[in-house]
Undergrad: 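Have a look at this one.
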Amino acid sequence: MQAEISPQQGQELLALLIDNKLPDERGRYGPFGGCYAPETLVPALRRLAEAVDKYLHDDDFMARLQQQLHTWVGRPTPLTPALGLGKRWGAEVYLKREDLAHTGAHKINNALGQALLAREMGAKRVIAETGAGQHGVASAAACARVGIPCTVYMGAVDIQRQAPNVDRMYQLGAEVVAVESGDKTLRAAIDEAFRNWVADPHGSYYLLGSAVGPHPYPYLVQRLQAVIGTEAREQMLAQTGALADVAVACVGGGSNAIGLFHPLLADAETELLGIEAGGHGPALGDNSATLATGKPGVLHGSYSVLLYDDDGQIQETHSVSAGLDYPGVGPEHSLLKSIGRVNYQSATDAEALDALQECCAAEGILPALESAHALAGARRWAKANPGKRILIGLSGRGDKDMPTLSQHIPARIGAAAGGGA
Ligand SMILES: *Cc1c(COP(=O)(O)O)cnc(C)c1O
C-alpha cells in the first residue's frame, strides 16, 4: 500500500479529486483513507455514506443549510485586505475571516451541516468528541440550534486545561462526559465516542470534528468546509480580478485547510501551502508535524500518515496550540502531499507566537494560535517570493487562547504618573 505514486497516476488522481470523484466506493484517496472500523459500526457507516450521498445532492437540504449558514453562522465571512502585514512582508495579503463565523472559528460550518444531517437521519442524540473544546462548543451550539440533545466526550486532562470551553458547552445545553481512560486527552475521547456510537448506532449520530476518521467522514467534512475556499475564490476575483499566487492554511486534522484548498485544486497558478505545528522542534514528540515527519498507518478508522515510534506506538504530540495537537492527519492531505499538489511545512511555537503578535499590531486582529501558524508560514513564503498575492485562511479568533498567551507574552502595564511637579 505504500507503493510510490507515479507522476502520471498523480495527475489522474488530481483530476478525479477536482471532479469530486474521490474518494472511490471504498472510501479511498489513492492508497489513503478507507474504512477501518469495528464490525459493529460498519452498517452505521454505510448508512451515513448513503445519507451523505443523498442529502449533499438534495436541493432542499442544501438550501436549508445555506439559509442557516447565512442567517445564523454569518456567512459569507469577509475577505480582508491585510495592508499592514502586506507592507511589512512586501506582499499583497488577504485574510479569509473564519474568526468572524459564529462561535469564533470554521468548526461551526461542519458542526451545523452534520447536526442538520443527524436530524434528517432521525437521530435522537448527537455524540461528539473534543480536545481543546472548540469542536465541542460548535457541536453544542449547532445541536441547540437544530434541536437535538448533544453529549460531548472530553479527556479528563483536557477538561481541566480548557475549563472555559467546558462551561460554554454546558451553557449551550450539552452534556459533557469526562474520559478517564488512555491518555485522557483527544485520542481517548475519540475512542470513547466511537464506543458509545457502537452501543447505539441507530439512535445516535457521531459528529466528527475534522477531515479524519473512517469513510465517509473525511469527504463529508471536506464538502461542508469547502464553503471557505468557494467564497474566498469568488471574493479574490471580485476584489482583485485575479486569484492568489499562494493560499496558506494551518493543518491539524486538516479540515480548515482542505476547505480552503479543495475549491482551488484546479487553479494550477495558485500554489497551496499547508502549515503544521512544529512545536519545540523536529524531534519525535516535540511537535505535531504529521506530514513532515510521520509514516503511513491506521488511526481512528483511516489509513493515512501518523506519528508513531519504532515500536508502532502512537506518539504523544506537542503544540502551543491545542487545536493542532493531534498525531494524525486527514487522508486527502496525505494524497495531496504524495502527488505534490500541496506543499506542507511547519511553523514552531515561537514562530506562531511571533506571527500572532505581528497580526495583532498590524491588523487589529487577534488570531487563534492555530491560525497564527498559517500566518508564520505565509510570512516565510512572502520573504522568499517578493511582491506576490497571498491568501491566508484565518481559521479562528484568539480569545480562547488568552490563558496560553498570558503565559508566553506577559502584559506590560504602565504605571500612571502620579501627582504634578
Ligand atoms: C480546531 C482548529 C484548527 C485545527 O483543525 P483543522 O481540522 O485542522 O482545521 C485550526 N484552527 C482553529 C481556530 C481551530 O479551532
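Hydrogens, waters and symmetry mates play no part in the numbers below; they use all other heavy atoms, side chains included. Quick note: residue numbers are just sequence positions, from 1.
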Undergrad: Parallel, tilted or perpendicular: which fits the ring planes of Tyr217 and Tyr205, with parallel below 30° and perpendicular above 60°?
TA: perpendicular

Undergrad: Report yes or no: does Gln68 contribute a side-chain atom to a donor-acceptor pair with the main-chain N or O of Ala142 at less than 3.5 Å?
TA: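 No.
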
Undergrad: Identify, with sequence neighbours excluded, every residue that meets salt bridge (charged side-chain N to carboxylate O under 4.0 Å, His left out) alongside Arg380.
TA: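 Glu351.
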
Undergrad: Measure the spacing between CE of Met62 and CZ of Arg223 and express it to the nearest 0.5 Å.
TA: 7.5 Å

Undergrad: Give the table of side-chain donor-acceptor pairs shorter than 3.5 Å for residues 248-259, with sequence neighbours excluded, one pair per line with atom names and distance.
TA:
| residue | atom | partner | partner atom | Å |
| --- | --- | --- | --- | --- |
| Ser255 | OG | His106 | NE2 | 3.1 |
| Asn256 | ND2 | Cys250 | O | 3.1 |

Undergrad: Residues two or more places apart in sequence or in another chain: which of them pass salt bridge (charged side-chain N to carboxylate O under 4.0 Å, His left out) with Glu231?
TA: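 Here the qualifying residues are Arg75, Lys96.
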
Undergrad: Check for a donor-acceptor pair, side chain of His408 on one end and backbone N or O of Thr404 on the other, with a separation under 3.5 Å.
TA: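 Yes.
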
Undergrad: Which value, rounded to the nearest 0.5 Å, describes the distance between Leu14 atom CG and Leu335 atom CG?
TA: 8.5 Å

Undergrad: How far apart are the closest heavy atoms of Leu65 and Gly113, and which atoms are they?
TA: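 In terms of heavy atoms, the two residues are closest at CD1-CA, 3.9 Å.
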
Undergrad: Do Asp309 side-chain atoms and Asp311 backbone N/O form a donor-acceptor pair below 3.5 Å?
TA: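 Yes; judged by distance alone, with no hydrogens or angles, the pair exists.
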
Undergrad: Tell me whether the count of non-hydrogen atoms from other residues, nucleotides or ligands lying under 6.0 Å of CD in Gln160 goes above 12.
TA: no

Undergrad: Is there a donor in the side chain of Gln225 and an acceptor in the side chain of Asn110, or the other way round, less than 3.5 Å apart?
TA: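 Distance-only check fails for Gln225 and Asn110.
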
Undergrad: For residues 144-170, pull every pair meeting salt bridge (Lys or Arg N to Asp or Glu O under 4.0 Å), keeping only residues two or more places apart or in separate chains.
TA: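 Only Asp158-Arg161 qualify under salt bridge (Lys or Arg N to Asp or Glu O under 4.0 Å).
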
Undergrad: Is the CG atom of Asp59 crowded by more than 12 outside heavy atoms at less than 6.0 Å?
TA: no

Undergrad: If you define the side chain from C-beta out and look only at heavy atoms, does anything of Leu366 sit under 4.5 Å from Leu405?
TA: yes

Undergrad: Compare all side-chain heavy atoms of Tyr326 with those of Ser210 and state whether any distance is below 4.5 angstrom.
TA: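 A side-chain contact is absent here, since even the closest heavy-atom pair is not under 4.5 Å.
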
Undergrad: Between Glu129 (side chain only) and Leu186 (backbone N and O only), is there a donor and an acceptor less than 3.5 Å apart?
TA: no

Undergrad: Applying side chain to side chain contact (heavy atoms under 4.5 Å, CB included), run through Leu79 and Leu391 and close with a yes or a no.
TA: CA-CA 9 Å; Leu79 181 74; Leu391 168 63; 3.6 Å; yes

Undergrad: Which residue pairs pass the salt bridge (Lys or Arg N to Asp or Glu O under 4.0 Å) test with at least one member in residues 314-341, sequence neighbours excluded?
TA: Arg187-Glu316

Undergrad: Check whether Asn196 reaches the backbone of Glu192 with its side chain - one donor and one acceptor, N or O, closer than 3.5 Å.
TA: yes

Undergrad: Before giving the answer on side chain to side chain contact (heavy atoms under 4.5 Å, CB included), spell out for Asp191 and Arg195 the whole-Å C-alpha distance, their side-chain angles and the decisive distance to 0.1 Å.
TA: CA-CA 6 Å; Asp191 289 338; Arg195 256 196 294 280; 4.3 Å; yes

Undergrad: Identify each donor-acceptor pair in which a side-chain atom of residues 264-279 lies under 3.5 Å from a protein atom, sequence neighbours left out, and give them as a table.
TA:
| residue | atom | partner | partner atom | Å |
| --- | --- | --- | --- | --- |
| Asp267 | OD1 | Arg233 | NH2 | 2.9 |
| Asp267 | OD2 | Arg233 | NE | 2.8 |
| Thr270 | OG1 | Ala244 | O | 2.8 |
| Glu271 | OE2 | Trp381 | NE1 | 3.0 |
| Glu276 | OE1 | Thr290 | N | 3.3 |
| Glu276 | OE1 | Leu291 | N | 2.9 |
| Glu276 | OE1 | Ala292 | N | 3.1 |
| Glu276 | OE2 | Thr290 | N | 3.2 |
| Glu276 | OE2 | Leu291 | N | 2.9 |

Undergrad: Taking the side chain from Ser319 and the backbone from Ser321, do they hold a donor-acceptor pair closer than 3.5 Å?
TA: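 Indeed, once roles are kept as given, a pair shorter than 3.5 Å links the two residues.
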
Undergrad: Would you indicate whether Gln66, at its atom CD, is surrounded by more than 12 heavy atoms from other residues, nucleotides or ligands within a distance under 6.0 Å?
TA: no

Undergrad: Applying ring pair (Phe, Tyr, Trp, His ring centres under 6.0 Å) as the test, list every pair that has at least one member in residues 67-104; sequence neighbours left out.
TA: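 Sorted pair list: Trp72-His102.
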
Undergrad: Could you tell me if the side chain of Thr348 sits less than 4.5 Å from the side chain of Val320, heavy atoms only?
TA: no

Undergrad: Once rounded to the nearest 0.5 Å, what's the spacing between atom CD of Gln162 and atom OG1 of Thr185?
TA: 11.0 Å

Undergrad: Restricting to pairs with a member in residues 242-288, which pass ring pair (Phe, Tyr, Trp, His ring centres under 6.0 Å), not counting sequence neighbours?
TA: His280-His318

Undergrad: Step by step, work out the side chain to side chain contact (heavy atoms under 4.5 Å, CB included) result for Val137 and Thr130.
TA: CA-CA 9 Å; Val137 169; Thr130 197; over 6 Å; no

Undergrad: Donor-acceptor pair, distance only, cut-off 3.5 Å: does the side chain of His135 make one with the backbone of Leu207?
TA: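 Checking the backbone N and O of Leu207 against the side chain of His135, a donor-acceptor pair under 3.5 Å is found.
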
Undergrad: I want to check something: taking the side chain as every heavy atom from C-beta on, are Leu375 and Leu85 in contact at a cut-off of under 4.5 Å?
TA: yes

Undergrad: With sequence neighbours left out, what residues match His333 under ring-ring contact (aromatic ring centres under 6.0 Å, His included)?
TA: Tyr344

Undergrad: Sequence neighbours left out, what pairs pass ring pair (Phe, Tyr, Trp, His ring centres under 6.0 Å) with at least one residue falling in residues 148-196?
TA: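 For residues 148-196, and leaving out neighbouring residues, the ring pair (Phe, Tyr, Trp, His ring centres under 6.0 Å) pairs sorted by first residue read Phe194-Tyr206.
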
Undergrad: Among pairs that include at least one residue of residues 392-402, which meet side-chain hydrogen bond (donor to acceptor under 3.5 Å, both in side chains), considering only residues two or more places apart or in two chains?
TA: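 Found Glu370-Lys400, Ser371-Ser395.
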
Undergrad: May I have the step-by-step check of salt bridge (Lys or Arg N to Asp or Glu O under 4.0 Å) for Arg64 and Asp60, ending in yes or no?
TA: CA-CA 6 Å; Arg64 264 179 291 142; Asp60 212 51; 3.7 Å; yes

Undergrad: Enter the distance from Thr80:OG1 to Leu394:CG here, rounded to the nearest 0.5 Å.
TA: 8.5 Å

Undergrad: Please check if the side chain of Tyr308 supplies one atom and the backbone of Pro296 the other of a donor-acceptor pair under 3.5 Å.
TA: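 Yes, the answer is positive, given that a donor and an acceptor are paired below the 3.5 Å cut-off.
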
Undergrad: Can you name the closest pair of heavy atoms from Glu363 and Leu83 and give their distance?
TA: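 The answer is OE2-N, 3.5 Å.
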
Undergrad: Just jot down the ring-ring contact (aromatic ring centres under 6.0 Å, His included) partners of Tyr219, sequence neighbours excluded, or say none.
TA: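 With neighbours one apart ignored, the set is empty.
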
Undergrad: To the nearest 0.5 Å, what is the distance between CG (Leu48) and CH2 (Trp197)?
TA: 5.5 Å

Undergrad: Take Glu234 and Leu237 through the test side chain to side chain contact (heavy atoms under 4.5 Å, CB included) and record every step on the way to the result.
TA: CA-CA 5 Å; Glu234 281 171 18; Leu237 286 173; 5.9 Å; no

Undergrad: Could you tell me whether the side chain of Asp245 reaches within less than 4.5 Å of the side chain of Asn385, counting heavy atoms only?
TA: no

Undergrad: Tell me if the NZ atom of Lys383 is crowded by more than 12 foreign heavy atoms within 6.0 Å.
TA: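 More than 12 within 6.0 Å, yes.
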
Undergrad: Are Pro327 and Leu306 side-chain neighbours, meaning at least one heavy-atom pair lies under 4.5 Å?
TA: no

Undergrad: About how many Å separate CD1 of Ile108 and CG of Leu69, when rounded to the nearest 0.5 Å?
TA: 9.5 Å

Undergrad: Quick check on salt bridge (charged side-chain N to carboxylate O under 4.0 Å, His left out): which of Lys388, Lys87, Arg389 does Glu92 satisfy it with?
TA: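 Answer to the salt bridge (charged side-chain N to carboxylate O under 4.0 Å, His left out) test with Glu92 among Lys388, Lys87, Arg389: Arg389.
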
Undergrad: For the backbone of Val305 and the side chain of Ser334, can you confirm whether one donor and one acceptor N or O come within less than 3.5 Å of each other?
TA: yes

